[in-house]
Amino acid sequence: MPPLKQIIEAALLAAGEALTFERIQGLFDADRAPSRDDIRRAVAELSADYQGRGIEIREVAGGYRIQVGAEMAPWVSRLWEERPARYSRAVLETLALIAYRQPITRGEIEQVRGVSVSTSIIRTLEERGWIRVVGRRDVPGRPAMYATTRGFLEHFNLRGLDQLPDLATLQDPDQAHLELDLRLPDEGDESDEDPATSDEQQGATRDE
């Protein structure tokens, strides 16, 4: 059998996404599955092998993935002719509020932002796979409560929500989306009516 680190490397390359411990262990027969410690050691060896190269192993959302190093982004991004999607300030503020105050209802988001949250904003975030409904608030009307997803963690290179910048009391949504390193639209575009431009193509280095 090949060395464990080679099997993990091949699996990460083939998957093209983060693999959890359970999925890596599932590559083996039950009686030959490596322990979590074995996997951690193999990943550490791979990370050492990648030092000084254009790729790296990153721990995100409870798993590992191989990705392009952030310093390679200016060159690799040229593989895609279209620019990455750029989202309106309203979308970014809404996402930041959900990330920091989840679970949160649409009405609670509107209370903080001081303006209504359009259906298109929620739909944009759901289509991106960044938020989902996790329950209903036990109040009249039983409004949906929103929270971030594993896809949100993977996209922003976070192992878990505890890696979010420390904003215990979110008073300034602008600061929140700056801390999350989200891509802002052109200066002055704060409309709730246009949650994203037509440039929907996401480059591989968009996550960096």
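In this text, all values refer to a predicted model and were calculated from it rather than measured experimentally.
In this structure, Pro2 and Gln6 approach most closely via the heavy-atom pair CB-OE1, 4.0 Å. Closest of all the heavy-atom pairs between Arg106 and Ile122 is CD-CG1, 4.4 Å.
For the atom pair CE of Met72 and CD1 of Ile55, the computed distance is 11.0 Å after rounding to the nearest 0.5 Å. Distance check, rounded to the nearest 0.5 Å: OG of Ser118 to CD of Glu110 gives 9.5 Å. Here the straight-line distance linking atom CD1 of Ile7 with atom CD1 of Ile24 works out to 11.0 Å at 0.5 Å rounding. The structure places CD of Gln111 at 8.5 Å from CD1 of Ile104, a figure rounded to the nearest 0.5 Å. To the nearest 0.5 angstrom, Ile98 atom CD1 is 12.0 Å from Arg132 atom CZ. To the nearest 0.5 Å, atoms CD1 (Ile39) and CG (Leu19) are separated by 10.0 Å.
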Donor-acceptor contacts under 3.5 Å from residues 143-153 side chains, at least two apart:
residue : atom : partner : partner atom : Å
Thr148  : OG1  : Gln102  : OE1          : 3.2
Thr148  : OG1  : Gln102  : NE2          : 2.9
Thr149  : OG1  : Gly129  : O            : 2.4
Thr149  : OG1  : Gly151  : N            : 3.2
Thr149  : OG1  : Phe152  : N            : 3.2
Arg150  : NE   : Ala61   : O            : 3.4
Arg150  : NE   : Glu154  : OE2          : 3.1
Arg150  : NH2  : Ala18   : O            : 3.4

Distance-only donor-acceptor pairs under 3.5 Å for side chains of residues 45-52, two or more places apart:
residue : atom : partner : partner atom : Å
Ser47   : OG   : Val43   : O            : 3.1
Asp49   : OD2  : Lys5    : NZ           : 2.7
Tyr50   : OH   : Glu9    : OE2          : 2.5

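In terms of modelled atom types and a separation under 3.5 Å, the side chain of Gln25 and the main chain of Pro34 share a donor-acceptor contact. A donor-acceptor pair is defined here as one N or O able to donate and one able to accept, closer than 3.5 Å; no such pair exists between the side chain of Arg36 and the backbone of Phe21.
Hydrophobic clustering of Ile, Leu, Val, Met, Phe, Trp and Tyr side chains at less than 4.5 Å, counting indirect connections, unites Leu12 with Phe28. Residues Ile8 and Val60 do not share a hydrophobic cluster, defined by chaining ILVMFWY side chains whose heavy atoms lie under 4.5 Å apart. Both Leu125 and Leu161 are assigned to one and the same hydrophobic cluster, defined by single-linkage of ILVMFWY side chains at heavy-atom distances under 4.5 Å. By the criterion of side-chain heavy atoms lying less than 4.5 angstrom apart, applied directly or through intervening Ile, Leu, Val, Met, Phe, Trp or Tyr residues, Leu164 is grouped together with Val112 in one hydrophobic cluster. A chain of hydrophobic side-chain contacts below 4.5 Å, direct or via other Ile, Leu, Val, Met, Phe, Trp or Tyr residues, connects Leu4 to Met1.
Remark: Arg41 pairs with Asp38 by the side chain to side chain donor-acceptor pair (under 3.5 Å) rule, at least two apart or across chains. With sequence neighbours left out, Glu108 forms a salt bridge (charged side-chain N to carboxylate O under 4.0 Å, His left out) with Arg137. With sequence neighbours excluded, the residues forming a side chain to side chain donor-acceptor pair (under 3.5 Å) with Arg23 are Glu17, listed by chain and number. Judged as a side chain to side chain donor-acceptor pair (under 3.5 Å), and not counting sequence neighbours, Asp162 has no contacts.
Between Arg101 and Ile109, the closest side-chain pair of non-hydrogen atoms is not below 4.5 Å. Two residues are said to be in side-chain contact when any heavy atoms from C-beta on lie closer than 4.5 Å; Ile121 and Leu95 fail this criterion. Two residues are said to be in side-chain contact when any heavy atoms from C-beta on lie closer than 4.5 Å; Asn157 and Gln67 meet this criterion.
Below 30°, between 30° and 60°, or above 60°: for Trp130 and Phe156 the angle between ring planes is between 30° and 60°, a tilted geometry.
At most 12 heavy atoms of other shown residues, nucleotides or ligands fall within 6.0 angstrom of atom CG in Asp138.
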